[in-house]
Structure formats: C-alpha cells, structure tokens
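What follows is a single structure, written as structure tokens, with notes after it.
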Amino acid sequence: MHSFGYRANALLTFSLTVLALMCAMASITDNFNSPSPTATVQILNVNRFQKKASGDDEVAITLDISADLQSLFTWNTKQVFVFLAAEYRTPKNSVNQVSLWDAIVPTKEDAKFSIKTKNKYRFIDQGSNLRGRDFNLTLHWHVMPKTGKMSADKLVLPGFRLPESYRSRRPAKHPAKAIAT
Ligand SMILES: *[C@@H]1O[C@H](CO)[C@@H](O)[C@H](O)[C@H]1NC(C)=O
C-alpha cells in the first residue's frame, strides 16, 4: 500500500504537470490570436508653441485619442501597456521619438476608449526643429500575458504637422472687462 506521502507527492507532481501544460497551451493559443487594434488620434489644439530659453522647441497640445485594443485581450492577457509617441525626422536624426502619453489598460472592457488629454509628457525637441515639422503619431503597445512571452506592436498614424510659427499661451479665459466710461 502506498504511503500517504507517496500519494501526496504523486498528486502534486500530476498537478504541476497539468499546470505546466495549461501554461504552455495558454501561450501557444495566444500566438494564434491575430489582433486587429484600431486607433485614431486628433490634435484638438496647439496650446503653446515656443522656443525655450535653452534654445529647445517645446509644444503643448490637446489630443483626442480613440482606440479599440480589445482584440489584444485573450484569456491569457494580464494587462496592456500603451503609449503614444510623436516620431519625426530632423536633419541630425533620422528618428526622433517623444513619448506624449501612456496608460495601463487592465481589462478588455477598458480597451475601447476615447479620451481628450493634454500631452502627459513634455513634447520637447533637442534643438529648434519643430516649426512646420511633419510627424507621425504612433500608438505602441506591450501585451503582458499571465504566462508566456510579452509581445509588442504598434500602429502608425501618419500625416501630422506642427505650425509654421511659435505661438504663445492662449489668452486668459476671463480677460479683464473693459471699463465703461
Ligand atoms: C511616418 O509614417 C510614414 C508612413 O507610415 C513613413 O513612411 C515614415 O517613414 C514615418 N516617418 C517617421 C519619421 O517615422
């Protein structure tokens, strides 16, 4: 007759084998999921565009980001990290990448969203290259699985352009009233 210890051990080994198999299957079936995320981004406003004292250009914008990343979620998805970057060429660098916004998407329900937001991280060029600059907005994502390898991809939204000239802060929302004489 088998001892209790032997049986417990056999059960544990069996459980671990099943668990390992399930993990392997989870990450394999994940590879068959061919997601098709969609996104659109609009620049609602250029709030400020200036050359800083340091000589670097800085632009502050308001974005409207709409995305449907639900197809990235499978039963093996823990969460999705997403960030929006401005990508542009300058005479010095073939690729400049500036991260403007990011978020962690915890569930499939949250993966379809539309938000209006100012750039969360500063859009600064190391130089004075932003006037009239063409750029792409690229939505990058990293899918963090419950088990298996992390995967990443992106969606390029081309065809954006910064204004030709600097502009200062918008006028105050409540300008001083004219004094009637
Ligand atoms: C912007 O996107 C277009 C079209 O996908 C691509 O040809 C171009 O190289 C991109 N520009 C940069 C700076 O990545």
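In listed order, ligands and their atoms are each counted from 1.
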**Asked** Measuring to protein heavy atoms, does anything land under 4.0 Å from atom 7 (O) of ligand 1?
**Response** no

**Proximal ligand 1 atoms for Asn136, defined as those under 4.0 Å from one of its heavy atoms** = 1 (C), 2 (O), 3 (C), 8 (C), 10 (C), 11 (N), 12 (C), 14 (O)

**Message:** Students should be able to answer this: which protein heavy-atom is nearest to atom 9 (O) of ligand 1, and at what distance?
**Reply:** Arg89 NH2, 2.9 Å

**Prompt:** Which residue holds the protein heavy atom closest to atom 4 (C) of ligand 1, what is that atom called, and what is the gap in Å?
**Reply:** Pro158 CB, 4.1 Å

**Request:** May I ask you to say whether Asp56 pairs ionically with Lys51, meaning some side-chain N is under 4.0 Å from a carboxylate O?
**Result:** no

**Prompt:** Can a salt bridge be assigned to the pair Arg161 and Asp134 using a cut-off of 4.0 Å between side-chain N and carboxylate O?
**Reply:** yes

**Request:** Find out whether Leu157 and Thr40 are in side-chain contact, i.e. whether some heavy atom of one side chain is under 4.5 Å from a heavy atom of the other.
**Result:** no

**pair Lys154-Leu139: side-chain heavy atoms closer than 4.5 Å** = no

**Asked** Which bit of Phe135 gets closer than 4.0 Å to ligand 1, counting heavy atoms only: side chain, backbone, both or neither?
**Response** neither

**Prompt:** Considering Asp134, Leu137, Val156, Val95, which one's heavy-atom position lies nearest to atom 5 (O) of ligand 1?
**Reply:** Val156

**Request:** Please work out which of the three classes, parallel, tilted or perpendicular, describes the rings of Phe83 and His142, given edges at 30° and 60°.
**Result:** parallel

